[in-house]
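See structure below.
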Amino acid sequence: MLSFKVTTVGASSGVILTKEAMARLRVKKGDTLFLTEAPDGGYRLTPYDPEFQRQMALAEGIMHDDREVLRALSR
């Protein structure tokens with residue numbers, strides 16, 4: 001388990017990620033992280049946008065269901 005200390009960054013607060021944490025999250029300086037609520041009541045820090053994931057799932061469903069229409073439109 002990794003632990004982090006909350007520090008002051010200007011008029012806000014922030015968390016400093018170690019190189020190990022950044023490697024585990026597969027992020028680099030400037031990337032956006034998302035804090036989401038987990039089903040068990042805890043929180044999850046992830047580089048993956050849950051809204052984008054939801055949109056992609058919808059798009060995949062449309063692509064699957066309307067395959068022939070999309071094929072005709074691509075011509």
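For Arg71, the salt bridge (Lys or Arg N to Asp or Glu O under 4.0 Å) partners two or more places apart in sequence, or in a different chain, are Glu68. Residues satisfying the salt bridge (Lys or Arg N to Asp or Glu O under 4.0 Å) test with Glu51, not counting sequence neighbours, are Arg54.
One distance of note links CE of Met56 with CD of Glu60; it measures 5.5 Å at 0.5 Å rounding. Annotation: the span from Met63 atom CE to Leu58 atom CG amounts to 10.5 Å, rounded to 0.5 Å. The OH atom of Tyr48 sits 13.5 Å away from atom OG1 of Thr32, with the distance rounded to the nearest 0.5 Å. Atom CG of Asp31 sits about 10.5 Å away from atom CG of Leu17, to the nearest 0.5 Å.
Taking each heavy atom of Lys29 and Met22 in turn, the nearest pair found is N-CE, 3.6 Å. Between Ser13 and Val6 the shortest heavy-atom distance is CB-CG1, 3.8 Å. Nearest heavy-atom pair across Leu25 and Leu45 is CD2-O, 3.6 Å. Contact detail for Ala21 and Phe4: the closest heavy-atom pair is CB-CZ, 3.5 Å.
Under a hydrophobic clustering in which Ile, Leu, Val, Met, Phe, Trp and Tyr are joined whenever their side-chain heavy atoms come within less than 4.5 Å, directly or via other members, Leu2 and Val27 fall into the same cluster.
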